[in-house]
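What follows is a short report on a single structure.
No hydrogens, no waters, no symmetry mates; every other heavy atom, side chains included, goes into these values. Atoms within a ligand are numbered from 1 in the order they appear, just like the ligands themselves. In this text the structure is predicted, and so the values were computed from the model without any measurement.
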Amino acid sequence: MKKIVVLTGAGVSAESGIKTFRDAGGLWEGHDIMEVASPEGWRKNMEAVLEFYNQRRRQLLEVKPNAGHYALVELEKKFEVSIITQNIDDLHERAGSSRIIHLHGELLKARSTKDPSIIYEWAKDINPGDTCPLGSQLRPHIVWFGEAVPMIEMAAMETMTADAVIIIGTSMQVYPAAGLVDFAEKAKRIFYVDPKPAINYELSRAASLSVVAESATAGVPKVVKELLEQ
Ligand code: APR
């Protein structure tokens, strides 16, 4: 076994203090998703969208990676590890993982609304009037509902080469991310670490699925230990 692909969702960052989306008290509870995370919402009320992400960006600067993130770095001692995350936080980067694909974008980046290739590292608020050199308003570099997921092909290719897959902290509801496990044709083992595991259609077909119904900080170190001791 050489290559491990890790698919993470909001649950891997929950114990760092970042709300998930669909748990009780989750992020979507206080918001209409389409108002703050869709192109229509942006057209209707840009300020509300900017403020939604400004609040999340400010919080991100206050939190730290947890034992789940750090355990994944340990895996790199013995395996080639690719993290494919639905999360827009930078906690995998700060923990020290070396290969990370952000399917839904990155909270600490901003981009031009005229030319999507104009992208900036951006750790402060994005305000109305913050523009790119072409004069267009900057937006969060995040994939909104209804927008394309440019990294999905690369993520699928990575998953096809995996000898093992570890899925952590995702409700497996949002496609195309939730369907990636279908590409894990080569994987001898598939682990799913989540206190409330949600076995979607693709997972129900997965060969040799090991469900670890625990939190990321408890479950991920156990899976990592088993793989390192193999
Ligand atoms: N450790 C591990 N998993 C946890 C923890 C924890 N401490 N706490 C909660 N979870 C699990 C929940 O049981 C749930 O399965 O994390 C998952 C969170 O699910 P969602 O809130 O739906 O988050 P996610 O699956 O990442 O959402 C996918 O939806 O809204 C969009 O773009 C957004 O990337 C997001 C996508």
So, Ser82 versus Glu158: side-chain donor-acceptor pair below 3.5 Å or not? yes
Between Arg189 and Ser208: side-chain donor-acceptor atoms closer than 3.5 Å: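 Arg189 vs Ser208: no donor-acceptor pair found between side chains.
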Of all residues at least two apart in sequence or in a different chain, which pass the side chain to side chain donor-acceptor pair (under 3.5 Å) check with Ser16? Asn66
Per-ligand residue contacts, ligand 1, heavy-atom threshold under 4.0 Å: Gly9, Ala10, Gly11, Ala14, Glu15, Thr20, Phe21, Arg22, Asp23, Trp28, Gln86, His104, Phe145, Gly169, Thr170, Ser171, Val174, Asp194, Pro195, Lys196, Ser215, Ala216
Heavy-atom donor-acceptor pair, Glu15 side chain to Thr217 backbone, under 3.5 Å: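 Yes; at least one donor-acceptor contact below 3.5 Å.
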Consider side chain to side chain contact (heavy atoms under 4.5 Å, CB included). Of Ile83, Leu108, Ile100, which one does Glu93 pass it with?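 Going through Ile83, Leu108, Ile100 one by one, the side chain to side chain contact (heavy atoms under 4.5 Å, CB included) with Glu93 is satisfied by Ile100 alone.
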Angle between ring planes, Trp42 versus Trp144, binned at 30° and 60°: parallel, tilted or perpendicular?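 Geometry flag for Trp144 against Trp42: tilted rings.
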